[in-house]
S.K.: 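Following this message is one structure expressed as structure tokens.
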Amino acid sequence: MSGLLAVIGKGKDPQLVKELSARMSHRGPDESDLHIMENGSIMCHESLSIIDLKSGKQPIQGTNKAWMVHDGEIYNYQELKDTVLKEHTFRTKSDSEVIVHLYEEFGHKFCHMLDGDFAFVIVDGDNYIAARDAVGVKPLYYGLDERGRIYFSSEMKSISDQCKSFSTFPPGHYYTGKTGFVKYYNPEYEDHAKANQKLDLDLIRNTLIEATRKRLMSEVPVGVLLSGGLDSSLTSAIAARLLKESGEKLHSFSIGLDADAPDNKAARAAAAFLGTEHHEIYFTVEEGIEVLEKVIYHIETYDIISVRSGVPLYLLSKVIADKGIKVILSGEGADEVFGGHLYFRNAPSAEEFQDETIERVQKLFTADLLRADKIPMAHGLEARIPFLDKEFLEASIRIKTIEKQPKTYDGIEKYILRKAFDTPEDPYLPEEVLWRQKEQFSDGVGYNWVDELIEFCAGQVSDEQLAGASTEFPYNSPTTKEAYLYRSIFHKFYPEVSSAQTVRKWIPKWQENQDPSGRANAAHVKAGVEASKAGIIA
């Protein structure tokens with residue numbers, strides 16, 4: 001929805017703050033605004049208008065002297081206005097405004113009441129509060145400069161050279177000058193011992209449908225990323241049905257090296273079955289390499305799998321934005337929730353399987369969600385993720401592990417979602433999509449993409465450079481030429497130690513090959529359609 005920047009404290013040049021905020025103007029191409037508080041604190045907002053296109057500009061003032069900037073969407077804003085905030089007078093029709101009124105009504109203790117994806121800062125005289133949504137769908141960073149001023153920003157590019165130290169704001173927390181960080185999101189599923197619920201297919205189906213319905217809230221066109229995998233196809237199927245109720249047709253988008261790329265072939269079949277307005281995009285390896293630096297600049301990480309998959313998403317997002325779409329649904333998160341990645345089948349015990357699903361959901365903000373948010377937002381496009389809805393997470397992660405742990409190549413994810421959504425009398429998806437092998441996005445666009453990208457990187461980095469990597473980059477030292485090149489590009493834009501320390505590299509467990517590609521798992525070539533139909537999958 002936008003980019004926010006807040007500088008808490010006196011003496012910062014407003015013109016400089018405006019320029020710092022403009023570094024992320026891609027997040028909000030519709031409008032840019034700045035407000036200076038009486039105590040010298042400054043709030044900036046780069047706006048992407050999705051709800052209340054006419055009067056919803058930010059920063060937004062509350063009833064009295066509190067001001068707020070917000071990135072994201074609050075899906076239950078109307079319910080809050082009709083209940084706990086019914087006595088409040090609102091200046092706009094924006095979903096964002098409920099946040100500042102909740103602060104005026106409840107002080108610091110209101111974040112748990114918000115159903116949405118958000119990062120926000122409220123400044124009220126010398127008091128302030130910053131917060132981030134439950135799992136970190138929306139990015140947020142915080143830092144401290146040499147004069148003790150504290151900064152909050154949607155992207156670190158706006159503060160990295162201003163702060164003596166900075167870090168990633170933890171999801172599910174709020175922060176005030178008096179309390180420090182407070183964890184407000186404490187779901188039962190974070191304890192693996194609470195995975196004690198029977199598999200309830202009706203609950204799975206209903207919570208996911210409702211999670212998707214919420215995320216269709218918009219006054220601008222909505223589309224869907226359709227890779228042809230089970231997760232994105234199911235998101236597309238639900239959205240297509242919901243939009244059909246109001247006479248609208250869903251626009252779906254896929255990308256690959258050519259028409260025969262695994263994702264494009266599967267997406268084509270899913271789109272034909274669902275009746276979406278489908279757009280199939282092709283790119284060359286050379287086009288991907290050409291935008292490599294732009295992708296690393298925007299995604300703000302050197303994590304290998306994030307960069308590999310970020311490039312085709314960057315190219316696809318530009319096409320989507322150019323067609324006038326401002327909101328896109330994504331199937332992110334399902335693999336982590338259900339243990340759908342191929343390496344999960346090697347979990348040595350039910351307890352370790354469950355712990356890994358919990359940890360992967362908790363750490364999504366360090367990798368997949370950076371790509372899911374920042375790459376589309378590089379083109380002013382907001383991604384929304386139904387599988388990370390709080391109610392759906394509670395319903396799915398707490399299923400008894402014995403009913404969830406994969407004993408087969410593709411795992412239980414397909415079994416649960418297929419059983420929940422594809423009854424013979426009302427199938428949501430075609431058979432070829434249901435039984436498709438698990439592919440990560442960077443593989444599904446065409447296997448040559450990763451293969452030739454690795455080859456390109458090898459040609460850009462000498463043996464001597466790689467040998468000296470641990471000296472040149474002592475933190476998270478790269479161990480391959482591909483990793484070295486990404487790290488070098490990242491360092492060019494973000495040379496600070498704090499920048500490097502925001503990055504967490506994702507490495508799959510329980511497999512010999514430590515490459516993060518799904519193809520690195522030994523099960524990959526075995527988990528095809530014929531194996532599935534032969535009874536390998538439960």
S.K.: Determine the sole option in H298, E155, E46 for which the side-chain hydrogen bond (donor to acceptor under 3.5 Å, both in side chains) test with R27 is passed.
M.R.: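 Passing option: E155.
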S.K.: Any cation-pi pair here, K157 with Y297, using under 6.0 Å and within 45°?
M.R.: yes
S.K.: I need the single residue from H341, E356, E352 that forms a side-chain hydrogen bond (donor to acceptor under 3.5 Å, both in side chains) with K509. Which is it?
M.R.: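 Checked H341, E356, E352 against K509; only one passes side-chain hydrogen bond (donor to acceptor under 3.5 Å, both in side chains): E356.
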S.K.: Looking only at side-chain N and O atoms, does S317 offer a donor or acceptor that is under 3.5 Å from a partner on H379?
M.R.: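 The answer is no; no qualifying pair exists.
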S.K.: How are the rings of F118 and Y184 set relative to one another: parallel (under 30°), tilted (30 to 60°) or perpendicular (over 60°)?
M.R.: parallel
S.K.: Just by distance, no angles: are the side chains of D82 and Q78 close enough, under 3.5 Å, to form a donor-acceptor pair?
M.R.: yes
S.K.: Are the ring centres of Y151 and F166 closer than 6.0 Å?
M.R.: no
S.K.: Mark yes or no: R487 above the aromatic ring of Y302, with NZ or CZ under 6.0 Å from the six-membered ring centre and no more than 45 degrees from the axis.
M.R.: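 Positive - R487 is close enough to the ring of Y302 and near enough to its axis.
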S.K.: Between K390 and D115, is the salt bridge (Lys or Arg N to Asp or Glu O under 4.0 Å) condition met? List the steps.
M.R.: CA-CA 8 Å; K390 288 191 294 184; D115 182 8; 5.5 Å; no
S.K.: Classify the ring geometry between F169 and Y175 as parallel (under 30°), tilted (30 to 60°) or perpendicular (over 60°).
M.R.: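 The arrangement is perpendicular - the two ring planes meet at more than 60°.
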S.K.: Determine whether D117 and R384 satisfy the following criterion, salt bridge (Lys or Arg N to Asp or Glu O under 4.0 Å), listing intermediate values before the conclusion.
M.R.: CA-CA 8 Å; D117 309 318; R384 296 181 181 174; over 6 Å; no
S.K.: Begin with the C-alpha distance, continue with both residues' side-chain angles, and end with the deciding distance and a verdict on salt bridge (Lys or Arg N to Asp or Glu O under 4.0 Å) for E79 and K81.
M.R.: CA-CA 5 Å; E79 177 188 344; K81 290 174 71 172; over 6 Å; no
